[in-house]
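Each chain gets a letter, A, B and so on, in the order the sequences are listed, and its residues count up from 1. On a predicted model such as this, the values are computed, not experimentally measured, just so you know.
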Amino acid sequence: MQGLPWPAEDMSRRLLAWYGRSGRDLPWRRSRDPYRIWLSEIMLQQTGVTAVIPYYERFLAAFPTVMELAAAPLDKVLELWAGLGYYRRARFLHQAACKVVSEHGGCFPEKLETIMALPGVGRSTAGAIVSIAFDRKAPILDGNVRRVLCRLLAIFGDPRSGKVEKHLWSIAEMLTPEDRPHDYAQAIMDLGATVCSPRNPDCESCPLSGLCQAFWQGVQEQLPQRGKRKAVPLVQQVALLIHHDGRYLVRRRPLDGMLGGLWEFPSTTVPEEKTSEAAVRALTAGEGLSAVPQPLGTVRHAYSHFRVEVHLFTCPGDSCGMIAEEDHRWLAPAQLADWPLHGSHKKALGLL
DNA sequence: AAGACGGGGAC
DNA sequence: GTCCCAGTCTT
């Protein structure tokens, strides 16, 4: 690929000056502890700053060091993650902490390749850790940087395609300065999060507008060009609120797959050709129930790739005291409020 | 190369 | 309501 239309130092100098004036004060910026930087970067994958901050604080209070995280049971980690989404991140985080302890004596590795070898850490997150924690030059290419670079150099085409992605990494490499890589990494992500936003970018306040090819062409609103999206299907589910002595039966989902390790009311997807009632009957049989469930209401929940309507049924469970397996619990509503239920069944609590 | 994976903020 | 993610791993 060709070089830059201006010296890279022109860009980094303007950006760093802006960061000195307008950079945000975020909890993880008060430390250079690689453990804290790593934790913040994992939480910030696909998740916004405002959603992350309370989770970050709670998590660090429970696990102040990577050793304490490694020593914790996975259940405790998942409990502190419940509500953040992408739960595989929490499992990888725990696995990686164990690896740091077993293979690196509890000392967080400093080499890019070694950091990338940790579960859940790819090239961009490893670059962020190297830059921010160790102040050594390493390129980053997350969603914010991707957007800034597509606009800065007027790069058309789907930025997630292999060709454009490769180009963007080489641009990121060229632009990352030897000097102050810590500040540069924070600055370019801040610029993308605040000024160079997905919609209505504030080019008037942007320190890079004088260098920005998209701005000069007036196409900043059209970049980056997103790939085509698939329509999101609507899925029907039924869930059973089995109660006994004021407590409800919940079960733990398998660790692998969607919402892995989180808890839920016994539930199942309604096949296209079946009714909710038929699905409920199959469910009651599976849980060893004889009583007829009564409809309670419906809650709706949206995921990125599908939406779901959960039809709730209540059912007395006095005949199924035999359900005592490790992954089932009887809990009162007050306990359920703090239990790591997944999002759609948290909503169901509102109907109890 | 494409699909899977949650939830919330911004508008 | 719609759109967008501070990505990584699996197939």
For A:W169, is the NZ or CZ atom of A:R123 found under 6.0 angstrom from the centre of its six-membered ring and inside 45 degrees of the ring axis?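 Yes, a cation-pi geometry holds between A:R123 and A:W169.
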
Looking at B:dG9, does its base get a donor-acceptor pair with the side chain of A:T50 below 3.5 Å?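 Side chain to base: no pair present.
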
Any N or O donor-acceptor pair under 3.5 Å from the base of B:dG6 to the side chain of A:R89?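 Answer no: no donor N or O sits under 3.5 Å from an acceptor.
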
Answer yes when A:R253 and A:D327 have at least one side-chain N-carboxylate O distance shorter than 4.0 Å, and no when they do not.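 Judged by the 4.0 Å cut-off on N to carboxylate O distance, A:R253 and A:D327 do not form a salt bridge.
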
Does the side chain of A:T125 get closer than 4.0 angstrom to OP1 or OP2 of C:dT8 through an N or O atom?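 Answer is yes, contact under 4.0 Å.
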
Please tell me if A:Q46 has a side-chain N or O lying less than 4.0 Å from either OP1 or OP2 of C:dG7.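 Yes, within the criterion.
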
Between C:dT8 and B:dG9, how many Å separate the two C1' atoms, rounded to a whole number?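 It comes out at 22 Å once rounded to the nearest Å.
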
For B:dG8 versus C:dC9, give the span between their C1' atoms, rounded off to a whole number of Å.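 Nearest-Å result for B:dG8 against C:dC9 at atom C1': 23 Å.
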
Establish, yes or no, whether a centroid distance under 6.0 Å links the rings of A:W81 and A:Y55.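 Here the rings of A:Y55 and A:W81 have centres that are no less than 6.0 Å from each other.
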
Just compare C:dC3, C:dA6, B:dG7 and give me whichever is closest to any side-chain atom of A:R199.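 Given the options C:dC3, C:dA6, B:dG7, the side chain of A:R199 is closest to C:dC3.
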
Separation of A:R160 atom CZ from C:dC9 atom P, in whole Å?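 After rounding, the reported distance stands at 14 Å.
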
When the ring planes of A:H305 and A:Y303 are compared, do they come out parallel, tilted or perpendicular, using 30° and 60° as the limits?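 The arrangement is tilted - the two ring planes meet at 30° to 60°.
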
